[in-house]
Amino acid sequence: MNLFRLVCIIACILIGTSATEAQSGKSIQDFGVKPTNSPSINRERLQKAIDEMSPKGGALYVEPVEGGYPIDGGIILRRNVSLIGVHGPTGRGTAVADRTKPTGSLFVITDREHPLLTVESATQVRGIQFYYPEQTFDNPDRIIPYPATIQMSQTNPVQGVTLSCLTFYGEYMAMDFRAKAPQICEQILFEHCYGYPLSGQFIAIDRCYDIPRILHCHVNPANMREFGRSFHRQVVDAVVAKKTYTYSIDHTDNAQLMDLFTFGVYGGILLGNETYGQLTNFNFDCVGIGIHKLGSNWINRNWQIAQGSIIANVGERLEDIHPILIEGKGHTALTNVEAFSGGNSALTTLGASWDYITIRDEATVTMTGCRMQGYKADSPIHVSPTATLRAVACIDRDNKFFEK
């Protein structure tokens, strides 16, 4: 009896559930998924296990093995099924004894044509690592544009999905939840997920009309340090040059974004035309634009943004580097958001930002307690004649109060 089953049985005894019911959580090895199989055989057998479990619901345990499971993409994680591994997010990687590759509850992916997992409603993926061993870490000309590791179904409902404690190594894009109209998704939770996507895009959400949540996620090019594949400077520069955003959302209601980190990308987060919500406790480091907020109307295209820091210092032209860029309509309330700048040896930087914030079109903005450092323009704030700004108790680069 493996440890997973034993834990399930003990838990069920405590709450009065039978041992037979507890064993509905089965190892993928019970279905013939083995580390010695070919990727195609493992894909076929994992899909069969998922299909069998879907009608009644249950969990498949990704039993840890040395070096992980080779597997092809194209797997449909059907409704009611969970894939569960042993890990929290492994921010610098797991490693075998000689530290040449990761290990544990790990899928090893070489398929360049298909997303690994396409998820349906009431599914969960937790405690698993995803590794692309053929992806470059030192040559920008050899970046492989893999499909997203996890994507939402475009043919079946996608409501109530949990993606937790996941680590990605060498992915091009981690999680793609952009619905194509008329499809939508709802109640999608991303938490404690780590990686460094070579497209610059880690999580993208579109048409999620019931409170998406992105919590405690960390993007960093040193995430494979334990097995010697930290991304080289020229690769990080290539990611920045793609001018994409680590996190992006649009067509969402009351998005909740908390404790987000990214490093070495063009954009931290894109808050699209048709969305509103709250962003708190964040750090966007070595970016060209930290926060890019858009808005299409005055009614509900409003964001409350608080307790964060932005280091904006990368780009082709200094005039294009903005910790915060706000366009369109709607209101933004900024509280205790600081920006500073400087150099960093991990990538090519210009060492400064142009300003602290640029506001265009008809947007309205309030700022309270914001510290503004590291900018080269005469003023930390640039506001179009049609926009409105009120700044209170802010501090400029000369350590003087700035109010407007």
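Bear in mind the structure is a predicted one, so any value in this text is a computation, not a measurement. Throughout, numbering of the chain's residues begins at 1 and tracks the sequence.
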[X] (side chain) donor-acceptor with [Y] (main chain) under 3.5 angstrom:
X      : Y      : value
Gln234 : Asp138 : yes
Thr358 : His382 : no
Gln135 : Ile144 : yes
Thr252 : Ala255 : no
Thr262 : Thr246 : no

Which heavy atom of [X] sits nearest to which heavy atom of [Y], and what is that distance?
X      : Y      : result
Phe284 : Gly290 : CD1-O, 3.5 Å
Lys34  : Asn42  : O-ND2, 2.9 Å
Cys208 : Ile188 : SG-CG1, 4.1 Å
Pro35  : Val65  : CB-CG2, 4.0 Å
Tyr356 : Val337 : OH-O, 2.7 Å
Ser341 : Ala352 : OG-CA, 3.1 Å

Residues Leu166, Phe130; criterion side-chain contact (heavy atoms from CB on, under 4.5 Å); working and verdict: CA-CA 8 Å; Leu166 307 179; Phe130 306 92; 4.2 Å; yes

Verdict with reasoning, Glu191 to Ser164, per side-chain hydrogen bond (donor to acceptor under 3.5 Å, both in side chains): CA-CA 5 Å; Glu191 63 174 4; Ser164 180; 2.9 Å; yes

Test of understanding: with salt bridge (charged side-chain N to carboxylate O under 4.0 Å, His left out), list the residues that count as partners of [X], not counting sequence neighbours.
X      : result
Arg99  : Glu226
Arg360 : Glu327
Arg112 : Glu134
Asp176 : Arg178

According to ring-ring contact (aromatic ring centres under 6.0 Å, His included), who are the partners of [X], at least two apart in sequence or on a separate chain?
X      : answer
Tyr172 : none
Tyr375 : none
His251 : none
Tyr69  : none

According to ring-ring contact (aromatic ring centres under 6.0 Å, His included), does anything in [range] pair up with another residue at least two apart or in another chain? List the pairs.
range            : answer
residues 219-244 : Tyr131-Phe227, Phe137-His232, Tyr169-Phe227, Tyr196-Phe231
residues 298-352 : none
residues 74-129  : none

Check: Tyr194 ring centre within less than 6.0 Å of Phe168 ring centre: no

Do [X] and [Y] touch side chain to side chain, with heavy atoms closer than 4.5 Å?
X      : Y      : result
Ile321 : Ile289 : no
Leu260 : Cys217 : yes
Leu46  : Ile75  : yes
Val314 : Leu350 : no
Arg233 : Val235 : no

Lys293 side, atom NZ; Ile357 side, atom CD1 - distance, nearest 0.5 Å: 10.5 Å

Any residue meeting side chain to side chain donor-acceptor pair (under 3.5 Å) with Gln373, in chain and number order, not counting sequence neighbours: Asn399

Stepwise side-chain hydrogen bond (donor to acceptor under 3.5 Å, both in side chains) test for Asn283 and Ser309: CA-CA 5 Å; Asn283 187 315; Ser309 64; 3.2 Å; yes

SB check Asp51 Arg78 (cutoff 4.0 Å): yes

Residue of the set Thr149, Val119, Ile214, Ile203 for which side chain to side chain contact (heavy atoms under 4.5 Å, CB included) holds with Met175: Ile203

